[in-house]
Visitor: 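I am attaching a structure below and will ask some questions about it afterwards.
Reminder, nothing fancy here: chain letters follow the sequence lines and each chain counts from 1. The structure presented is a predicted model; accordingly, all values stated were derived computationally and were not measured.
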2 protein chains.
Amino acid sequence: MTNKLNLNNLTKSEEDYLKAIFQLLIEDASVKVGNNQLADYLKVSPASTNNMIKKLKAKGYVVSEKYGKLDLTERGKSVAVRLIRKHRLWETFLCNYLNFTWDEVHDVAEQLEHIKSRKLIDELDRFMDFPKKDPHGEMIPNANGEYSIIPKITLSSLSEGDVCQLVAVNDGSVHFLKYVSEIGLVLSSEIKILEVREFDKSIRIKFDNTIETVTRKFADNVFVNKVV
Amino acid sequence: MTNKLNLNNLTKSEEDYLKAIFQLLIEDASVKVGNNQLADYLKVSPASTNNMIKKLKAKGYVVSEKYGKLDLTERGKSVAVRLIRKHRLWETFLCNYLNFTWDEVHDVAEQLEHIKSRKLIDELDRFMDFPKKDPHGEMIPNANGEYSIIPKITLSSLSEGDVCQLVAVNDGSVHFLKYVSEIGLVLSSEIKILEVREFDKSIRIKFDNTIETVTRKFADNVFVNKVV
DNA sequence: TTAATTTGTTAGTCATAACTAACTTTTTTA
DNA sequence: TAAAAAAGTTAGTTATGACTAACAAATTAA
Ligand SMILES: [Mn+2]
Ligand SMILES: [Mn+2]
Ligand SMILES: [Mn+2]
Ligand SMILES: [Mn+2]
């Protein structure tokens with residue numbers, strides 16, 4: 001008996017894989033995404049990703065040649081964007097209505113993004129009056145999957161003397177987000193790069209009369225818009 | 001290697017089984033709940049329930065003897081009540097804030113009840129100012145799992161001449177709920193039993209100057225509080 | 001009280017989604 | 001350009017939670 005494929009009802013795992021591929025593709029549009037890179041990102045074995053990729057190819061969400069790099073079909077992209085929309089809308093709801101802090105929302109949103117109900121998410125969007133950005137500064141796709149991608153670069157890519165504005169932060173680490181709040185950085189803070197130390201790539205920054213030294217790893221997770 | 005048991009993190013399925021056993025136990029406290037009855041209720045095979053019951057016994061949520069009836073431990077009951085709390089709070093949220101009608105909420109709540117976050121549900125409760133009843137008239141357990149069970153009987157158990165108040169409806173069927181709304185019945189409607197027809201147990205009822213005939217099946221899903 | 005029926009159990013299978021270990025292909029580097 | 005390293009694939013195993021078919025125990029009816 002030939003394997004029946006559920007073309008429409010994606011599992012939580014299938015959805016997570018599509019979202020992961022999408023995020024790897026847009027995060028660095030130049031570099032191609034391979035199987036092992038995806039495995040790393042999802043913290044599973046390359047054998048697991050290889051297997052899932054096969055299934056997603058058979059269902060028409062992913063394209064790739066044997067031993068080649070991965071890409072998403074339009075259907076694959078559409079699923080990924082809808083997940084990102086749900087994730088960011090839930091994060092916004094948790095922060096703005098349920099007293100969650102920005103470091104508490106991601107894990108719960110990872111669960112909520114898989115709830116299947118078109119009406120639920122569109123009504124939640126309306127209830128909040130169609131917010132444009134999530135608590136971490138990321139743009140929220142609208143009901144048609146459209147969203148403007150604001151130009152952003154990492155703080156770590158700037159040089160001495162540059163001035164920038166904080167536009168978004170990586171929402172994946174609780175420790176990182178707490179750290180950002182603690183030193184007093186908030187979305188749209190204006191940051192000046194005082195010094196980039198050659199020895200360990202640590203960066204001395206100034207914002208709101210505060211001077212702080214942050215590591216390269218920290219600066220990799222801070223997204224900014226260069227001003228000067 | 002001996003099988004490792006996840007004692008704390010219950011799967012969606014394990015949670016659904018515990019909730020089902022709880023609901024069968026309280027719906028008819030007199031009759032014992034058996035394996036096949038549970039299978040019927042959950043629409044799976046008796047082999048499947050038998051298997052799951054074994055696991056839930058090993059984990060300390062269910063007690064039963066071989067070939068005997070099922071019961072929940074305190075831990076089992078606690079899990080079930082927390083699920084019911086989540087289910088009813090989400091239904092209330094969907095109806096009162098997201099423009100869902102009472103027939104649309106159950107399926108989405110079945111998904112949302114499995115989201116794991118203590119803070120999420122307690123904050124949702126607070127956000128709605130601690131509602132007492134869900135859209136179908138059912139009591140919502142508080143954060144400690146306490147809730148008063150209002151005395152309710154089915155409309156079908158009444159006799160000619162009786163007068164009652166609609167206190168709750170079964171929330172499982174979209175068709176049934178739409179039907180209830182269409183004929184104009186709402187929570188706390190006062191209903192008088194005009195006639196119970198011997199032939200097919202259909203019941204002639206009067207409420208708000210409306211006279212309707214409803215079937216036995218319909219009346220089985222309407223819960224009332226006898227007034228006269 | 002025996003036979004029929006209902007209820008409960010077991011064994012074996014399948015799909016999903018993870019894993020490790022071994023292997024192959026591609027890419028890099030010496 | 002040949003060896004080494006990296007990347008990708010395959011095979012075989014495990015756990016969960018369904019299923020059917022066959023069987024055993026308990027209950028009900030004759
Ligand atoms: Mn996810
Ligand atoms: Mn975010
Ligand atoms: Mn459920
Ligand atoms: Mn309900």
Side-chain angles (χ1 to χ4, degrees), chain A residues 1-21 24-25 28 30-59 61-71 79 110-111 114 116, chain B residues 1-21 24-25 28 30-59 61-71 79 110-111 114 116:
Chain A
M1 201 216 303
T2 124
N3 232 327
K4 268 186 216 165
L5 290 178
N6 258 348
L7 283 159
N8 301 305
N9 293 311
L10 292 167
T11 64
K12 180 183 179 305
S13 279
E14 290 171 330
E15 289 187 337
D16 280 336
Y17 274 88
L18 291 175
K19 194 175 75 151
I21 296 168
L24 287 171
L25 283 173
D28 195 342
S30 56
V31 175
K32 299 277 184 224
V33 177
N35 185 68
N36 287 11
Q37 197 190 341
L38 180 60
D40 259 21
Y41 184 83
L42 286 170
K43 295 183 174 60
V44 297
S45 71
S48 297
T49 48
N50 193 274
N51 209 58
M52 181 59 92
I53 289 304
K54 256 184 204 162
K55 203 199 304 180
L56 292 173
K57 281 171 68 174
K59 291 189 178 190
Y61 292 99
V62 168
V63 279
S64 78
E65 281 166 33
K66 206 170 180 180
Y67 293 103
K69 300 302 174 185
L70 306 172
D71 206 355
V79 170
E110 277 297 315
Q111 299 179 62
H114 298 289
K116 287 173 173 56
Chain B
M1 202 213 307
T2 125
N3 232 326
K4 267 186 216 166
L5 290 178
N6 258 349
L7 283 158
N8 302 304
N9 293 312
L10 293 167
T11 64
K12 178 182 179 306
S13 279
E14 290 171 329
E15 289 187 338
D16 280 336
Y17 273 88
L18 291 174
K19 194 175 75 152
I21 297 168
L24 287 171
L25 283 172
D28 195 343
S30 55
V31 176
K32 300 277 183 221
V33 177
N35 186 69
N36 287 11
Q37 197 189 341
L38 181 60
D40 259 22
Y41 185 82
L42 287 171
K43 296 184 174 58
V44 296
S45 71
S48 298
T49 49
N50 194 274
N51 207 58
M52 181 59 93
I53 289 303
K54 257 185 203 162
K55 203 200 303 181
L56 293 173
K57 281 170 69 174
K59 290 189 178 191
Y61 292 99
V62 168
V63 279
S64 78
E65 280 167 33
K66 206 171 181 180
Y67 292 102
K69 299 302 173 185
L70 306 172
D71 206 355
V79 170
E110 277 297 317
Q111 299 179 61
H114 298 289
K116 286 172 174 54

Visitor: Contact class for B:K12 vs. all strands (heavy atom < 4.0 Å): base, sugar-phosphate, or nothing?
Guide: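 The residue B:K12 makes no contact with any strand.
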
Visitor: For A:N50 and A:N35, indicate whether the former's side chain and the latter's backbone hold a donor-acceptor pair under 3.5 Å.
Guide: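 Pair absent, no side-chain N/O of A:N50 close to backbone of A:N35.
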
Visitor: I'd like to check A:I21 versus A:I53 (side-chain heavy atoms, cut-off strictly below 4.5 Å). Are they in contact?
Guide: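 Yes. Closest side-chain heavy atoms under 4.5 Å.
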
Visitor: Taking atom P of C:dT25 as reference, at what distance in whole Å does atom OH of A:Y67 sit?
Guide: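 For the pair A:Y67 OH and C:dT25 P, the rounded distance is 5 Å.
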
Visitor: Give the rounded distance in Å between these two atoms: CG of B:D16 and P of D:dT16.
Guide: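 Taking atom P of D:dT16 as the reference, CG of B:D16 is at 17 Å.
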
Visitor: Give me the residues of residues 32-45 of chain B where at least one heavy atom lies under 4.0 Å from an atom of DNA chain D, by number, or none.
Guide: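 Listed by number, they are B:K43, B:V44, B:S45.
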
Visitor: Main chain of B:V79, side chain of B:E15: is a donor-acceptor contact present, judged purely on distance under 3.5 Å?
Guide: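 It does not hold such a pair.
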
Visitor: Within the structure, does a side-chain N or O atom of B:K54 lie under 4.0 Å from either OP1 or OP2 of C:dG8?
Guide: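 No, no such contact exists.
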
Visitor: Ignoring backbone atoms, establish whether A:K69 has a side-chain N or O less than 4.0 Å from OP1 or OP2 of D:dG8.
Guide: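 Yes.
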
Visitor: Could you point out which residue of B:K59, B:K57, B:K19 forms a salt bridge (Lys or Arg N to Asp or Glu O under 4.0 Å) with B:E14?
Guide: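 Considering B:K59, B:K57, B:K19, a salt bridge (Lys or Arg N to Asp or Glu O under 4.0 Å) with B:E14 is found only for B:K59.
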
Visitor: Can a donor-acceptor pair be found, under 3.5 Å and without considering hydrogens, that links the side chain of B:K32 to the backbone of B:L70?
Guide: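 Not at all, since once roles are kept as given, no pair shorter than 3.5 Å links the two residues.
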
Visitor: For A:S13 and C:dA18, is the shortest distance between a side-chain N/O and OP1 or OP2 below 4.0 Å?
Guide: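 Yes, A:S13 has a side-chain N/O under 4.0 Å of OP1/OP2 on C:dA18.
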
Visitor: Taking OP1 and OP2 of C:dT16, is either one under 4.0 Å from a side-chain nitrogen or oxygen of A:T11?
Guide: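 So the side chain of A:T11 is outside the cut-off, no N or O lying under 4.0 Å from OP1 or OP2 of C:dT16.
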
Visitor: For D:dA18 and B:Y17 - does any side-chain N or O of the residue sit under 4.0 Å from the phosphate oxygens OP1/OP2?
Guide: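 Result: yes.
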
Visitor: Quick one: is D:dG8 close enough that its OP1 or OP2 comes under 4.0 Å of any side-chain N or O from A:T49?
Guide: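 False: A:T49 side-chain N/O out of range (4.0 Å or more) of D:dG8 OP1/OP2.
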
Visitor: Looking at B:K116, I'd like to know if its NZ atom is crowded, meaning that more than 12 non-hydrogen atoms belonging to other residues, nucleotides or ligands lie closer than 6.0 Å.
Guide: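 For B:K116, atom NZ is crowded (more than 12 foreign heavy atoms under 6.0 Å).
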
Visitor: Using the closest heavy atom to pick a nucleotide of DNA chain C for each, name whichever of A:N51 or A:A47 lands nearer the 5' end.
Guide: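 Looking at DNA chain C, the more 5' nearest nucleotide goes with A:N51.
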
Visitor: Can you name the residues that form a side chain to side chain contact (heavy atoms under 4.5 Å, CB included) with B:D40, not counting sequence neighbours?
Guide: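 Counting only residues at least two positions away or on another chain, B:D40 forms no side chain to side chain contact (heavy atoms under 4.5 Å, CB included).
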
Visitor: May I ask you to verify if any side-chain N or O of A:N50 is less than 4.0 angstrom from the OP1 or OP2 atom of D:dG8?
Guide: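 Answer no for this pair, as no side-chain N or O of A:N50 is under 4.0 Å from OP1 or OP2.
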
